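One structure is given below, encoded as structure tokens.
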Amino acid sequence: MEHPLHFYNTLTRKKERFIPLNPPFAGLYVCGPTVYGDPHLGHARPAIAFDLLFRYLKHLEYKVRYVRNITDVGHLENDADQGEDKIAKKARLEQLEPMEVVQYYTDRYHVCMDLLNVEKPSIEPRASGHIIEQQQMIEQILKNGFAYEVNGSVYFDVEKYNKKYNYGKLSGRVLDDLMTNTRELDGQDEKRFPYDFALWKKANSEHIMRWPSHWSEGFPGWHLECSVMSTKYLGKKFDIHGGGMDLLFPHHECEIAQSVAAQGEDAVRYWMHNNMITINGQKMGKSLGNFITLQELFTGAHKILTQAYSPMTIRFFILQAQYRSTLDFSNDALQASEKGMQRFFAAVKSMNNLVPKETSTVDIKSLRNNCYEALNDDLNSPVVIAHLFDAVKMINSVSAGSESISKNDLDELKRLFRDFFFDILGMKEENASASDNEILKDVVNLMLNLRMEAKAKKDFVTSDKIRDELTKLGFEIRDKKDGFDWTLKS
RNA sequence: GGUCUCUUGGCCGAGGGGCUAGGCAGCGGUCUGCAAAACCGUGUACAGCGGUUCGACUCCGCUAGAGACCUCCA
């Protein structure tokens, strides 16, 4: 590859060059949502971060299979083996079938992802659709001696596993430390060791989601689905596994243990973790109750918001931080993103109206490589955006007449925006429907032409009135040397 | 308590031993009938204290503060 892509591998704790196992193919698995609640801002981060990766890998002409799961079963409410299934609990609260809840929130998630212009993954498997495969993996782990059965439940034998392999290599944990640090947990009596985790859990009588198995009627443990579905669709060894940093331990650590226990070697080659979105410096999360749903952002219906923010504003906001940094959320920060993003779209519009000259006084040659360099350095989207802002400045200068651009350079500039701003960063014009409305366009142009006539007659009362009224309606009017320009703001 | 991470100007956020990040906001100017937009100019920012170094905001140590994981979490 001409542009070597590097990213930070959590497993090795350093940036590594990405060399896929079977080029030109690349396999990517990302932990998707547990569908028992409305998608919130936190869900947007990994979705967008790995959407960026997906898009960039495709841009680099890899044939990517992107698998992002839907967790619709198996995550327990409280302590590993005492709680009830989250989805079952919600179902009982709302008097709905569990699968009805799953469907409802899956649909909500999809709607939000579409609005955020997050591309659909190649495969979106559900845990509930892979019960048999999960049982097969449990059998394999049992056969290899790294699990034991107690009263119809099957647990992973962490201590035994750690004698042969290294439990904790991803999160940097040492099992001995974990042992000395053991806390009192209820209902651990079935386990040999507190850090053992369930592979299969016998369902109690009230538990609604249950499947038959050799061991009991029950349900699979929480970490199993990802091990199973990733390798099922990407192979026993595959390139990239992504997810939020909060899943690093125990979820991803257990995934590694399961895969290694089942097949004798790691499944994942590069582990990538996105950081959290914070609010007032604190992680936004369900348990803290300080999360803000995407719906609330899109409608402005939240007390810390002064207005609604469009999905593209959210996307731009998230891309303005590198995915491994925490991103502090606030109304002010969103407002800054919205303004900046609007400058982009205004510049793109005026780029398409630029008239090329014989020669260029702007230097656009380095822009493309600068953007590649930023992306190749662990997907540094904020730096890409900074370079694109340089391009915005050039466009505006040419538009203002203080600089000129050649036909070739203008074409390259257009390609630059198409490739990086639209295709890779995944930005898109939002109120296209409004400004694409021909009749609306004609009416606004009519009004503004009347205004021009008034101005020509120095009838500024009339001309200002037209401008002010249109502004009130949400239009932005910009006078030009010989004419005008306008946009409908969202 | 254990493990780990972070602390950049009013806000968000890159970066990296000596070279302007960028955006938003602010201030001054140009343009304009006035605006808006745009353009030009404008900020002695790197938590504190030591150390290493010719030179540190960037490396090391300590102190303070914040956070993450250790329990479901994106």
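Side chains are part of it too, since the values below use all heavy atoms of this structure and drop only hydrogens, waters and symmetry mates. These numbers come from a predicted model, not from an experiment.
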From CZ of Arg324(A) over to C1' of G13(B), roughly how many Å is that when rounded to an integer? 15 Å
Using atom C1' in both nucleotides, what's the gap between C11(B) and G26(B) to the nearest angstrom? 12 Å
Check every atom of U71(B), G33(B), C39(B) against the side chain of Ser463(A) and return the nucleotide holding the closest atom. G33(B)
Using the ring-ring contact (aromatic ring centres under 6.0 Å, His included) criterion, which residues pair with Tyr309(A)? Sequence neighbours excluded. none
Any chance you could lay out the side chain to side chain contact (heavy atoms under 4.5 Å, CB included) test for Leu305(A) and Ile292(A), step after step, and finish with the verdict? CA-CA 10 Å; Leu305(A) 301 178; Ile292(A) 179 163; 3.8 Å; yes
Is the centre of the Phe389(A) ring less than 6.0 Å from the centre of the Phe344(A) ring? yes
Rounding to a whole Å, what distance do you find between Gln282(A):CD and G67(B):P? 6 Å
So is Arg192(A) actually on top of Tyr155(A)'s ring, under 6.0 Å and inside 45° of the axis? no
Taking the same atom, C1', in G67(B) and in C73(B), what whole-Å distance lies between them? 16 Å
Whole angstroms only, please: what is the NZ-P distance between Lys465(A) and G33(B)? 23 Å
Mind listing the N/O atom pairs, protein and nucleotides 21-25 of chain B, below 3.5 Å?
from, atom 1, to, atom 2, distance (Å)
C24(B), OP1, Arg343(A), NH1, 3.3
A25(B), OP1, Lys339(A), NZ, 3.0

Give Asp464(A) one of three labels, base, sugar-phosphate or nothing, depending on what nucleic acid heavy atoms sit under 4.0 Å from its own. base
Suppose you measure atom P in G9(B) against the same atom in G41(B); what distance do you get, rounded to whole Å? 24 Å
With the threshold set at 4.0 Å, does a side-chain nitrogen-carboxylate oxygen contact exist between Asp479(A) and Arg451(A)? yes
Could you check whether His223(A) and His252(A) have their ring centres less than 6.0 Å apart? no
How is Asp479(A) classified with respect to the nucleic acid when contacts are heavy atoms under 4.0 Å: base, sugar-phosphate, or nothing? base
Among Val362(A), Asp363(A), Leu367(A), whose side chain to side chain contact (heavy atoms under 4.5 Å, CB included) with Asp390(A) holds? Leu367(A)
C1' atom, U58(B) versus C39(B): distance in rounded Å? 34 Å
Dot-bracket notation for RNA chain B is requested: 5' to 3', Watson-Crick or G-U wobble pairs only, both distances under 3.5 Å, with ( ), [ ], | and . as defined. (((((((..(((.....[...))).(((((.......)))))....(((((..]....))))))))))))....
Arg315(A) side-chain N/O to Gly426(A) backbone N/O, donor-acceptor pair under 3.5 Å: yes
Please give, in whole Å, the distance from U32(B) C1' to Arg451(A) CZ? 11 Å
d(CG, Leu488(A); P, A36(B)) in whole Å: 20 Å
With nearest nucleotides of RNA chain B determined for Gly172(A) and Arg45(A) from heavy-atom distances, which residue corresponds to the more 5′ nucleotide? Gly172(A)
Arg467(A)/Asp464(A) salt bridge by N-O under 4.0 Å criterion: yes
Working to the nearest 0.5 angstrom, can you tell me the gap between Glu476(A) CD and Leu488(A) CG? 10.5 Å
If you find the nucleotide of RNA chain B closest to His43(A) and the one closest to Gln322(A), which residue's nucleotide is nearer the 5' end? Gln322(A)
From NE2 of His223(A) over to C1' of C69(B), roughly how many Å is that when rounded to an integer? 14 Å
Can you find a donor-acceptor pair, distance only, under 3.5 Å between Arg467(A) side chain and A35(B) base? yes
Spacing of the C1' atoms in C27(B) and G43(B) (rounded, Å): 10 Å
What orientation do His40(A) and Phe291(A) show, parallel under 30°, tilted 30 to 60°, or perpendicular over 60°? tilted
Do NZ/NE/NH1/NH2 and the carboxylate oxygens of Glu190(A) and Lys202(A) come within less than 4.0 Å? no
Quantified in whole Å, what is the C1' atom distance between nucleotide C46(B) and nucleotide G17(B)? 14 Å
Identify which nucleotide among C69(B), C12(B), G13(B) has an atom closest to any side-chain atom of Asp246(A), counting heavy atoms from C-beta outward. C69(B)
Looking only at the side chain of Glu476(A) (C-beta and beyond, no hydrogens), which of the listed nucleotides A36(B), C39(B), G33(B) gets closest? A36(B)
Regarding the side chain of Ala333(A), the nearest nucleotide among C70(B), C12(B), G33(B) is C12(B)
Do any N or O atoms of the protein come closer than 3.5 Å to N or O atoms of nucleotides 45-48 of chain B, and which pairs are they?
none

Centre-to-centre under 6.0 Å for Tyr8(A) and Tyr270(A), is that the case here? no
Donor-acceptor pair present, Asp328(A) side chain and G13(B) base, under 3.5 Å: no
Selection residues 378-387 of chain A - residue pairs positive for salt bridge (Lys or Arg N to Asp or Glu O under 4.0 Å), sequence neighbours left out: Arg324(A)-Asp378(A)
Within the 4.0 Å heavy-atom criterion, would you say Leu247(A) contacts the bases, only the backbone, or no part of the nucleic acid? sugar-phosphate
Quick one: label Ile477(A) by what it contacts on the DNA or RNA (base, sugar-phosphate, nothing), any heavy atom closer than 4.0 Å. base
How far, in whole Å, is A38(B) from U32(B) if one measures between their C1' atoms? 12 Å
For RNA chain B, what residues of residues 270-281 of chain A have any heavy atom nearer than 4.0 Å? Asn274(A), Asn275(A), Met276(A), Ile277(A), Gly281(A)
Run Ser325(A) and Asn275(A) through side-chain hydrogen bond (donor to acceptor under 3.5 Å, both in side chains) and show every step you take. CA-CA 6 Å; Ser325(A) 301; Asn275(A) 214 320; over 6 Å; no
Would you confirm whether Asn9(A), through its side chain, and Trp271(A), through its main-chain N or O, come within 3.5 Å as a donor-acceptor pair? yes
Over how many whole Å does the gap from Asn69(A) atom CG to A74(B) atom P extend? 11 Å
Sticking with atom P, work out how far C62(B) lies from A25(B), rounded to a whole angstrom. 43 Å
Whole-Å distance separating the CZ atom of Phe329(A) from the P atom of A74(B): 17 Å
Phosphate OP1/OP2 of U3(B): any Ser171(A) side-chain N/O under 4.0 Å: no
SB check Asp51(A) Arg55(A) (cutoff 4.0 Å): yes
